[in-house]
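Below: one structure, written as structure tokens.
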There are 2 protein chains.
Amino acid sequence: MKRTPRRTIYRLSVYLRSLQRLKEKQLVSVSSETLARATGVKPTQLRKDITHLGQVGKRGFGYQVEDLIRKLTEFMGANRFQPVVLVGVGNLGTALLSYRGFERAGFEIVAAFDADPARFRSKELPLKILPMDDLAAVIKERGIKIAILAIPGTVAQEVANRLVNVGITAILNFAPVILLTPDSVVVNNVDLALELENLAYFIQ
Amino acid sequence: MKRTPRRTIYRLSVYLRSLQRLKEKQLVSVSSETLARATGVKPTQLRKDITHLGQVGKRGFGYQVEDLIRKLTEFMGANRFQPVVLVGVGNLGTALLSYRGFERAGFEIVAAFDADPARFRSKELPLKILPMDDLAAVIKERGIKIAILAIPGTVAQEVANRLVNVGITAILNFAPVILLTPDSVVVNNVDLALELENLAYFIQ
DNA sequence: CTGTGTGAAGGCTTTCACAGCC
DNA sequence: GGCTGTGAAAGCCTTCACACAG
């Protein structure tokens with residue numbers, strides 16, 4: 001089997017999400033047609049994507065929901081159910097700390113850091129906020145690989161460097177800057193203003 | 001000139017962002033090489049993208065920062081500096097309300113709605129939260145085109161339908177579902193859990 | 001006969017190589 | 001000489017058409 005394209009991997013996550021909802025509705029099997037419609041792609045695309053999982057469906061019948069979920073989960077990793085650190089507990093960081101979606105997807109924020117851990121926090125947080133000085137110790141000790149970066153752009157690169165130095169290999173970056181990292185580190189950027197700007201372009 | 005690809009439009013926003021920082025540093029001109037490195041793309045790609053703006057650079061010299069910013073801004077729209085409504089003021093919605101990046105990018109959240117506007121809010125918000133019943137009136141009255149959706153997936157489709165019905169044509173969707181909308185409506189999805197999941201796949 | 005799996009075609013995006021202008 | 005602009009080539013992803021299994 002050829003290397004799986006990045007786009008395909010992304011869509012596979014989407015299918016998994018959608019299947020979990022179908023399972024909740026007690027659905028046992030599903031056709032590529034139905035699942036494709038639920039996820040906003042074309043049926044052929046979905047079948048092609050699923051090819052990367054190996055032999056899965058039954059011709060003339062469709063996919064077993066449970067089976068497909070199992071195969072997808074397995075494919076997406078081994079690497080899920082990972083501990084994650086959050087760096088930066090401002091407005092956005094606070095929201096991320098309280099976000100239930102991560103948990104459902106198999107991730108747990110096990111530590112949160114902020115330059116000023118003592119600063120007033122308006123709500124009770126589920127986690128004690130640690131000072132940045134503890135970053136290295138916690139990450140190394142627990143062997144954490146994934147970090148969420150929710151800090152101002154001005155300090156993002158510097159903090160990213162520190163994270164990479166202590167063993168982080170995957171960064172979900174909310175700072176509106178392009179991080180320069182070694183090739184061995186993978187970065188996903190979420191730039192909220194960019195999304196809006198991009199959206200606005202398409203308004204006629 | 002051919003139609004500008006979606007990916008290109010996206011990158012053009014990135015260049016604009018980066019140029020604004022360069023301008024703050026008093027830089028007057030910049031080469032495709034330099035700007036490309038700052039934004040994480042290849043110089044040829046950048047030049048190809050900039051082609052869509054028409055004749056911009058000086059050969060043998062580079063791009064005038066101010067000039068390029070002006071052309072990019074113009075190209076990206078007319079449609080920036082738009083009023084935006086926020087629907088859903090939970091953890092994430094609150095963070096978005098306080099997020100300064102939108103403002104800097106030329107967007108203002110002019111109204112925020114929640115199913116339960118009276119619910120306890122831990123911090124002072126810059127805007128009064130309105131009940132969902134006011135949605136139609138506010139959007140129609142002010143001719144708003146863009147909405148940010150930060151509500152649970154279970155109700156997202158229903159609310160999206162309402163938004164479309166009252167004139168919204170662009171949705172920034174944070175709910176982890178694929179929204180079904182008419183072709184005339186453009187939707188950008190930001191699924192935080194998906195981003196993490198995707199990231200985890202690439203850890204070796 | 002239904003609906004998956006897949007080679008081949010088609011379309012889109014990126015990269016290359018170099019012509020052209022300052 | 002240096003750096004942009006761009007046709008052509010390469011690469012990647014999506015769609016098609018249909019073989020084939022249940």
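By convention in this document, chain letters (A, B, ...) are assigned in the order of the sequence lines, proteins followed by strands, and residues within each chain are numbered from 1.
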Counting heavy atoms from C-beta on, name the nucleotide in C/dT6, C/dT13, D/dG5 closest to the side chain of B/Gln55.
-> D/dG5
Rounded distance in Å - CD (A/Gln64) to P (C/dG3) | 14 Å
Protein-nucleotide distance (A/Leu46, atom CG; D/dC13, atom P), rounded to Å | 17 Å
Would you indicate, yes or no, if C/dT13 has its OP1 or OP2 atom less than 4.0 angstrom from a side-chain nitrogen or oxygen of B/Arg11?
-> no
Neighbour count above 12 (heavy atom, 6.0 Å) for B/Gln157 CD = yes
B/Arg6 NZ/CZ over A/Tyr201 ring centroid, <6.0 Å and within 45° of normal = no
Could you check B/Thr8 against B/Asp49 for side-chain hydrogen bond (donor to acceptor under 3.5 Å, both in side chains), going step by step and ending with a plain yes or no?
-> CA-CA 6 Å; B/Thr8 296; B/Asp49 288 342; 3.3 Å; yes
Basic-acidic side-chain contact under 4.0 Å: B/Glu103, B/Arg100 = yes
Given atom CG of A/Leu68 and atom C1' of C/dT4, what is their separation to the nearest angstrom?
-> 12 Å
Using 4.0 Å as the upper bound for N to carboxylate O, is an ion pair formed by A/Arg70 and A/Glu74?
-> no
Nearest-Å distance, NE2 (B/His52) to C1' (C/dC12)?
-> 12 Å
B/Leu35 CG - D/dT4 C1' separation (whole Å) = 13 Å
Considering just the side-chain nitrogens and oxygens of B/Ser31, establish if one lies under 4.0 Å of OP1 or OP2 belonging to D/dC3.
-> no
Knowing that exactly one of B/Asp191, B/Asn189, B/Leu149, B/Leu96 qualifies, which makes a side-chain contact (heavy atoms from CB on, under 4.5 Å) with B/Phe174?
-> B/Leu96
Can you name the atoms? Protein N/O to nucleotides 16-21 of chain D N/O, anything below 3.5 Å, with the distance.
{"residue": "D/dC20", "atom": "O2", "partner": "A/Arg59", "partner atom": "NH1", "Å": "3.1"}

Starting from C1' on C/dT14, measure out to CZ on B/Arg6 and report it in whole angstrom.
-> 19 Å
Got more than 12 heavy atoms from elsewhere within 6.0 Å of CZ, A/Arg142?
-> no
Please give, in whole Å, the distance from D/dT15 P to A/Asp49 CG?
-> 10 Å
Is the phosphate of C/dC12, meaning OP1 or OP2, less than 4.0 Å from a side-chain N or O of B/Arg7?
-> no
Could you work out which one of D/dC13, D/dG5, C/dG5 sits closest to the side chain of A/Val56?
-> C/dG5
Report the nucleotide, chosen from D/dT15, C/dG5, D/dC13, that has the shortest atom-to-atom distance to any side-chain atom of A/Tyr63.
-> C/dG5
Whole angstrom is fine here: how far is it from CG in B/Leu53 over to P in D/dT6?
-> 12 Å
